[in-house]
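When a ligand or atom number is given, it counts from 1 through the structure's own listing order.
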Amino acid sequence: MHKVGVLVSGRGSNLQAVMDRIADGYLPLEIAVVISDKADAYALERAAKAGIKTVAIERKGCASKDEFEDKIQAALVDAGCELVVLAGFMRILSGSFVNKWHHKIINIHPALLPSFPGLHGQRQAFEYGVKFSGCTVHFVDEGTDSGPIILQKVVPVLDDDTEDTLADRILVQEHIAMPEALKLWAEGKLQIEGRKVRILA
Ligand code: GAR
């Protein structure tokens with residue numbers, strides 16, 4: 001079974017969706033460690049409840065970004081991870097960290113990239129006035145939300161939406177998209193060709 005490490009910062013609903021799909025047999029993966037940059041993240045409670053090893057590594061407890069990322073790296077290596085999953089991890093990883101995990105970091109973003117990268121993807125889309133938004137699961141490269149796209153899910157933006165109702169509609173799709181992408185990865189069905197990710201039959 002492939003071992004993955006999941007990086008989180010908060011609520012952890014995407015982590016929960018992955019744990020649930022592992023538990024019901026859909027996803028042939030083992031979460032070897034959950035690492036949070038916030039010691040009080042609810043995601044850590046979810047992981048602990050499921051018997052998964054948890055580690056909190058806070059940026060403010062480290063002298064530099066290098067030290068912060070070195071600790072994350074050590075925790076991932078220690079747990080034997082082959083893939084890093086960013087599930088609501090709200091920090092930008094440095095180029096040197098990303099290069100250590102070339103095409104081995106997968107992120108979920110709450111907008112249809114390349115539109116609305118960075119923070120608050122749902123709010124950006126809502127305020128822009130687009131008629132459709134969604135979520136994107138992609139490999140991480142050195143840019144911000146710019147790596148090869150694995151899959152996307154689309155939702156409509158309705159006239160009476162608020163930022164929150166749109167975010168909720170997107171989140172439902174996130175919880176489908178992330179397990180789907182990880183299953184394709186676990187089964188060796190993702191082939192990266194430049195910017196494009198081919199999904200093998
Ligand atoms: C999700 O909507 C995820 O797409 C977003 O944070 C939320 C985390 O929710 N990630 C980003 O914006 C990354 N730039 P969760 O903790 O409940 O999974």
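Hydrophobic clustering of Ile, Leu, Val, Met, Phe, Trp and Tyr side chains at less than 4.5 Å, counting indirect connections, unites Leu29 with Val137. In terms of hydrophobic clustering, with Ile, Leu, Val, Met, Phe, Trp and Tyr side chains grouped at heavy-atom distances under 4.5 Å, Ile149 and Leu151 are assigned to different clusters. Cluster membership check: Val130 does not share its hydrophobic cluster with Leu112, using side-chain heavy-atom separations under 4.5 Å among Ile, Leu, Val, Met, Phe, Trp and Tyr.
In terms of protein heavy atoms, atom 13 (C) of ligand 1 is closest to Met90 SD, 3.9 Å. With respect to atom 12 (O) of ligand 1, the closest heavy atom belonging to the protein is Pro110 CD, 3.5 Å. Scanning the protein heavy atoms around atom 10 (N) of ligand 1, the nearest turns out to be Ile108 O, 3.8 Å.
Heavy atoms of Gly12 come nearer than 4.0 angstrom to ligand 1 in at least one pair.
For ligand 1, one of its N or O atoms has an N or O atom of Arg11 under 3.5 Å away. Considering backbone and side-chain N/O atoms, Phe89 never comes within less than 3.5 Å of an N/O atom of ligand 1. Residue Asp145 has no N or O atom closer than 3.5 Å to an N or O atom of ligand 1.
In this structure the side chain of Val4 never reaches within 4.5 angstrom of the side chain of Val18, judged on heavy atoms. Taking 4.5 Å as the limit, some side-chain heavy atom of Pro28 sits within range of a side-chain heavy atom of Met1. Taking the side chain as every heavy atom from C-beta outward, Lys183 and Arg21 never approach each other to under 4.5 Å.
Ionic pairing of Glu45 and Lys49 is not present here: no N-O contact between side-chain nitrogen and carboxylate oxygen is shorter than 4.0 angstrom.
Per-residue contacts place Gly88 under 4.0 angstrom from the following atoms of ligand 1 (heavy atoms of the residue considered): 6 (O), 8 (C), 10 (N). Applying the 4.0 Å criterion to heavy atoms of Gln122 picks out, from ligand 1, the atoms 2 (O). Close contacts of ligand 1 with Ser13, meaning ligand atoms under 4.0 Å from a residue heavy atom, involve 15 (P), 16 (O), 17 (O), 18 (O).
Counting heavy atoms under 4.0 Å from ligand 1, residue Glu174 touches it through the side chain alone.
Using a 30° and 60° split on the angle between ring planes, Phe68 and Phe89 fall in the parallel class, below 30°.
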